[in-house]
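Inspection log for the structure reproduced underneath, given as structure tokens.
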Amino acid sequence: MKVVTLNVNGLVNAAQRGFFEWLEKLDADVVCVQEVRAKEYQLPEAFLDVPGYHAFFFDAEEDGYSGTAIYSRVMPKAIIRGLGSPQWDLEGRFIQADFNNVSIASIAVPYAQTEDEIEHKLAFLDVLQQHMKKTRRKRREFIFAGSYQIAHRSIDLGNWETHQRESGFLPEERAWMDQVTGPIGFVDAFRLMNRKDRQHTWWPFDEAQANGMRLDYQMITPNIADFVLDVGILREPRISPHLPVVIEYDIDF
């Protein structure tokens with residue numbers, strides 16, 4: 001099973017950059033999309049009826065904002081939209097597809113720059129962390145794929161010394177990651193097989209590679225860890241400032 005996650009930075013913009021042509025060639029089983037930034041009813045039919053895929057969306061209430069989606073080759077047993085928290089569910093930040101053996105979620109953590117935006121982001125992360133704790137008590141396996149907007153360790157961004165007080169590498173954000181991959185028990189699937197530096201998933205179109213960051217992850221329950229076959233970050237084509245994270249699992253749906 002091949003699972004891909006990509007923050008498209010607006011699905012309409014991504015389509016103009018070749019997203020659907022890329023998707024057709026990708027041969028992925030599940031593609032988790034973040035930052036759709038359009039309501040499902042506003043999208044062209046070609047975005048919804050993609051050959052070989054079933055498409056599911058969770059819209060934000062605000063136009064042109066947030067939103068998540070999942071494209072799946074196999075019809076899920078169930079689709080869950082939202083975390084059960086009205087504030088965040090109005091922003092369309094969490095959609096989950098349940099299959100026989102695993103549940104796969106697409107998650108869009110808020111982007112933040114200003115102090116108010118950082119508070120907003122940290123509040124969402126707290127709700128997400130509580131949800132992840134609850135899932136560890138369930139007799140199911142989970143893949144929480146998405147744009148987490150956090151570089152966990154210094155190896156995960158360029159020029160880390162200059163970014164220690166900037167959102168994306170704040171101490172409280174990295175501490176959140178420490179909790180998720182520590183006491184809560186999730187595993188950063190990419191780092192199971194790739195420990196190199198400069199494995200960034202966010203590269204500004206107009207900046208040097210030294211300024212990249214690894215902001216996009218597939219967090220998995222530990223029973224899946226032994227079934228990770230291959231991991232990668234696709235640098236071409238440039239569909240978005242974010243790059244797709246591709247992980248292959250020896251798991252059936």
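Note: hydrogens, waters and symmetry copies are ignored here, and every other heavy atom, side chains too, is used.
With hydrophobic clusters built from ILVMFWY side chains whose heavy atoms lie under 4.5 angstrom apart, V31 does not share a cluster with I107. Residue L6 is grouped with residue V12 when hydrophobic side chains (ILVMFWY) are merged at heavy-atom distances under 4.5 angstrom, including chains of intermediate members. Residue V228 is not grouped with residue F186 when hydrophobic side chains (ILVMFWY) are merged at heavy-atom distances under 4.5 angstrom, including chains of intermediate members. Cluster membership check: L11 shares its hydrophobic cluster with W22, using side-chain heavy-atom separations under 4.5 Å among Ile, Leu, Val, Met, Phe, Trp and Tyr. Hydrophobic clustering places M75 together with I143 (ILVMFWY residues linked when any side-chain heavy atoms are closer than 4.5 Å, directly or through intermediates).
One finds the CD1 atom of I150 at 4.5 Å from the CG atom of L125 (value rounded to the nearest 0.5 Å). We find the CG-CD distance between D230 and E248 to be 6.5 Å, quoted to the nearest 0.5 Å. Rounded to the nearest 0.5 angstrom, E172 CD and D126 CG are separated by 12.5 Å. Distance check: W203 CH2 to I233 CD1 gives 8.5 Å after rounding to the nearest 0.5 Å. The structure places CG of D29 at 9.5 Å from CG of L26, a figure rounded to the nearest 0.5 Å. Residue F19 holds its CZ atom at 10.0 Å from OG of S240, rounded to the nearest 0.5 Å.
For the pair R174 and F169, the cation-pi test (distance below 6.0 Å, angle within 45°) is passed.
Inter-residue side-chain proximity for I95 and I79 is flagged as met; some heavy-atom pair is nearer than 4.5 Å. In this structure, the side chains of M219 and D188 come closer than 4.5 Å at one or more pairs of heavy atoms. In this structure, the side chains of H152 and D178 come closer than 4.5 Å at one or more pairs of heavy atoms. Two residues are said to be in side-chain contact when any heavy atoms from C-beta on lie closer than 4.5 Å; N100 and K77 meet this criterion. The side-chain heavy atoms of L234 and L243, taken from C-beta on, include no pair separated by under 4.5 Å. You'll find the side chain of M1 stays beyond 4.5 Å of the side chain of R73, heavy atoms only. Two residues are said to be in side-chain contact when any heavy atoms from C-beta on lie closer than 4.5 Å; L43 and F57 meet this criterion. Considering only heavy atoms from C-beta on, I70 comes within 4.5 Å of V30 through its side chain.
For the pair F142 and K138, the tightest heavy-atom approach, listed with the atom from each and the gap, is CZ-CD, 4.1 Å. In this structure, G168 and K121 approach most closely via the heavy-atom pair N-NZ, 3.8 Å. Considering all non-hydrogen atoms of both residues, F144 and A105 come closest at CD2-CB, 3.6 Å. Across all their heavy atoms, S147 and D216 have their closest contact at OG-OD2, 3.1 Å. Across every non-hydrogen atom of M193 and L229, the tightest pair is CE-O, 3.3 Å. Annotation for L48 and A55: closest pair O-CB, 3.5 Å, computed over non-hydrogen atoms.
Counted within 6.0 Å of CD on E24, heavy atoms from surrounding residues, nucleotides or ligands total 12 or fewer; the atom is thus considered open. More than 12 heavy-atom neighbours from other residues, nucleotides or ligands sit within 6.0 angstrom of CD on E166.
Using a cut-off of 4.0 Å between Lys/Arg side-chain N and Asp/Glu carboxylate O, D89 and R81 are scored as not salt-bridged. A salt bridge links R214 with D156: at least one charged nitrogen is closer than 4.0 Å to a carboxylate oxygen.
N9 places no side-chain N or O within donor-acceptor distance of the main-chain N or O of P241, the cut-off being under 3.5 Å. With hydrogens and angles ignored, the 3.5 Å screen pairs a side-chain donor or acceptor of S106 with a backbone N or O of V33. Although no hydrogens or angles enter the test, the distance criterion places no donor-acceptor pair under 3.5 Å between the side chain of Q199 and the main chain of K196. Proximity of a side-chain donor or acceptor of T68 to a complementary backbone N or O of A108 within less than 3.5 Å is not detected.
Between the side chains of Y249 and Q218, a donor-acceptor pair is found at a separation under 3.5 Å.
Under the 6.0 Å cut-off for aromatic ring centres, F47 and F20 qualify, their centroids lying closer than that.
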- Task: Dump the intermediate steps for side-chain contact (heavy atoms from CB on, under 4.5 Å) on Y217 and V109, then the final yes or no.
- Result: CA-CA 11 Å; Y217 298 76; V109 173; over 6 Å; no
ask   = What do the steps show when you test Q87 against V127 for side-chain contact (heavy atoms from CB on, under 4.5 Å), and what is the final call?
value = CA-CA 10 Å; Q87 175 186 358; V127 171; over 6 Å; no
After noting the C-alpha distance and the side-chain angles of I220 and E141, does the key distance pass the side-chain contact (heavy atoms from CB on, under 4.5 Å) rule?
-> CA-CA 8 Å; I220 62 176; E141 303 305 326; over 6 Å; no
Would you please test R93 and L128 for side-chain contact (heavy atoms from CB on, under 4.5 Å) and show each step?
CA-CA 10 Å; R93 296 196 175 276; L128 177 60; over 6 Å; no
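Using cut-offs of 30° and 60° on the angle between ring planes, the pair W88 and H120 is tilted. Between Y148 and W176, the angle of the ring planes lies from 30° to 60°, which puts this pair in the tilted group.
Of the candidates Q149, E117, E173, E115, E173 is the only one forming a side-chain hydrogen bond (donor to acceptor under 3.5 Å, both in side chains) with S167.
Residues satisfying the side-chain contact (heavy atoms from CB on, under 4.5 Å) test with I155, not counting sequence neighbours, are R153, R191, D197.
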